[in-house]
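Structure first, then comments.
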2 protein chains.
Amino acid sequence: MPTRATEPLYRIKADLFKSLAHPTRIQVLEVLAATPDHHAGVARLLEATGCEASQLSQHLAVLKRAGVVASVRSGNHVEYRLTAPVVAELLTTARAFLLSRLAGASDQLHAAAELPPLPGASAQAVLDAAAQQ
Amino acid sequence: MPTRATEPLYRIKADLFKSLAHPTRIQVLEVLAATPDHHAGVARLLEATGCEASQLSQHLAVLKRAGVVASVRSGNHVEYRLTAPVVAELLTTARAFLLSRLAGASDQLHAAAELPPLPGASAQAVLDAAAQQ
DNA sequence: CCTTGACTTGATGATTCTATCAAGTCGTCA
DNA sequence: TGACGACTTGATAGAATCATCAAGTCAAGG
């Protein structure tokens, strides 16, 4: 039970976003979301983030406390996994927003300059390009 | 241009989530997302959040810096709006996760106790009930 | 003009987060 | 069993965030 039942939803939601509000933790979730079964070992996360073991461990603890990931000990090492596929959706939605913001800003600039957008620089093109990774 | 182009995406994403990581800011976004055209005046936000004007203003500034909302001055008062509909989607996805977590926890408890779930307490039922608000 | 209302901006102490380093746990293998 | 590897936990100094209060801007209305 990661949260108290008596807390209002907007507070719980804020805590969820707070658990995502760090670059290293985003990197971790991106790695997990990128694997077919949404899990990975600590070693994999260590090399992906390039940070110190204890630091990674603390960030993983934050994600675990938030109920975003869960861990399983497998012999001498530990595997982490997303607790729900919708977590990956959260990341892709965030990316969609960021890309729409870039595209929107670009469109705004072009509109302000009263020039047609460059070929391959439209909002859709940006999204298409990004979809390839 | 809310962010530098040279920053890696995971850092930009973390900054986005950081801008959402406060109860008052979530309340603001919920109010905006709940209106048909995704905008509302400061007075409306003030009464919805119940916080002091200067405090609200600072939270609005955070959201604006993150590019999540934009403001328009209309005579003597100011209107805020979501910069993109996908922001609302971010909130509903977060809620979907929280609900799936509750439902999942409930299912786990039932499984652990080796008892059948109560009628109306399944994951789907929780989601259905929540969909009504 | 100048006052008043609606917001925003600045400054400051208190709380919370983060990175670093030391120490601890828990399996495995010699 | 006892040393090593893989992680986790604790402690602490430094950085960032937040709430509060004072002061500032800006557009109507008198």
Side-chain angles (χ1 to χ4, degrees), chain A residues 2-4 7-8 10-29 31-32 39-81, chain B residues 2-4 7-8 10-29 31-32 39-81:
Chain A
T3 53
R4 305 279 307 273
E7 283 192 282
Y10 63 83
R11 203 173 283 275
I12 299 178
K13 230 178 264 190
D15 283 340
L16 169 61
F17 286 126
K18 198 177 299 185
S19 77
L20 307 181
H22 192 285
T24 300
R25 297 198 288 267
I26 295 294
Q27 281 184 296
V28 166
L29 295 177
V31 169
L32 295 179
H39 77 49
V42 172
R44 178 114 168 57
L45 299 173
L46 256 180
E47 74 157 339
T49 61
C51 71
E52 201 189 335
S54 75
Q55 195 177 341
L56 176 62
S57 202
Q58 288 180 90
H59 284 302
L60 288 170
V62 170
L63 292 173
K64 191 149 70 170
R65 243 180 279 128
V68 174
V69 305
S71 67
V72 176
R73 172 155 224 142
S74 174
N76 206 3
H77 42 109
V78 180
E79 300 258 316
Y80 280 83
R81 65 173 175 80
Chain B
T3 53
R4 304 282 306 274
E7 283 192 281
Y10 63 82
R11 203 173 284 276
I12 299 177
K13 229 178 265 189
D15 283 340
L16 169 61
F17 286 125
K18 201 176 297 185
S19 78
L20 307 180
H22 192 285
T24 301
R25 297 200 288 268
I26 294 294
Q27 282 184 295
V28 166
L29 294 178
V31 169
L32 295 180
H39 78 51
V42 172
R44 178 114 168 57
L45 299 173
L46 256 180
E47 76 157 339
T49 60
C51 71
E52 202 189 333
S54 75
Q55 195 177 339
L56 176 62
S57 204
Q58 288 180 90
H59 284 303
L60 288 171
V62 170
L63 291 173
K64 191 150 68 170
R65 243 178 281 129
V68 174
V69 305
S71 67
V72 176
R73 173 156 224 142
S74 174
N76 206 3
H77 42 113
V78 181
E79 299 258 318
Y80 281 83
R81 65 173 175 81

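Reminder, nothing fancy here: chain letters follow the sequence lines and each chain counts from 1.
- Ring orientation note: the planes of B:F17 and A:F17 are close to parallel, at an angle under 30° on the 30°/60° scale.
- No donor-acceptor pair under 3.5 Å is formed between the side chain of B:S57 and the backbone N or O of B:A53.
- Side-chain contact between A:V42 and A:H77 is absent, with no heavy-atom pair separated by less than 4.5 Å.
- Distance check, rounded to the nearest 0.5 Å: CG of A:D15 to CZ of A:R65 gives 11.0 Å.
- If you check D:dT8, C:dC17, D:dA6 against the side chain of A:K18, the one that comes closest is C:dC17.
- Each of A:I26, A:L29, A:L20 was evaluated against B:K13; a single residue qualifies, A:I26, per the side-chain contact (heavy atoms from CB on, under 4.5 Å) test.
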After noting the C-alpha distance and the side-chain angles of A:L32 and A:V28, does the key distance pass the side-chain contact (heavy atoms from CB on, under 4.5 Å) rule?
CA-CA 6 Å; A:L32 295 179; A:V28 166; 4.2 Å; yes

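- Under the 4.5 Å side-chain criterion, counting only non-hydrogen atoms from C-beta, A:K64 is in contact with A:Y80.
- The phosphate of D:dT9 has neither OP1 nor OP2 within less than 4.0 Å of any side-chain N or O from A:R65.
- One can place CG of B:L45 at 15 Å from C1' of C:dT8, the figure rounded to the nearest angstrom.
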Base versus backbone protein contacts along nucleotides 25-30 of chain C [heavy-atom cut-off under 4.0 Å; B, S, -]
--SS--

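- For A:R25 (side chain) and A:L60 (main-chain N/O), no donor-acceptor pair under 3.5 Å exists by modelled atom type.
- What separates CG of B:L63 from P of D:dC18 is a distance of 11 Å, to the nearest Å.
- Taking atom CG on A:D15 and atom C1' on D:dT17, their separation rounds to 15 Å, with Å as the unit.
- If you measure from atom CD of B:E47 to atom C1' of C:dC7, you get 17 Å, rounded to the nearest angstrom.
- In the region residues 52-61 of chain A, proximity to DNA chain D at under 4.0 angstrom, judged on heavy atoms, holds for A:A53, A:S54, A:S57, A:Q58.
- A straight line from NE2 of A:H22 to P of D:dA16 spans 11 Å, rounded to a whole angstrom.
- Considering only side-chain atoms of B:V42, the nucleotide from D:dT8, C:dC7, C:dT18 that sits closest is C:dC7.
- Dashed line: the shortest gap from a side-chain N or O of B:H77 to OP1 or OP2 of D:dA28 is not under 4.0 Å.
- Computed from coordinates, the A:Y80 OH to D:dA6 P distance equals 15 Å when rounded to whole Å.
- The distance from the CZ atom of B:R81 to the OG atom of B:S71 is 9.0 Å, given to the nearest 0.5 Å.
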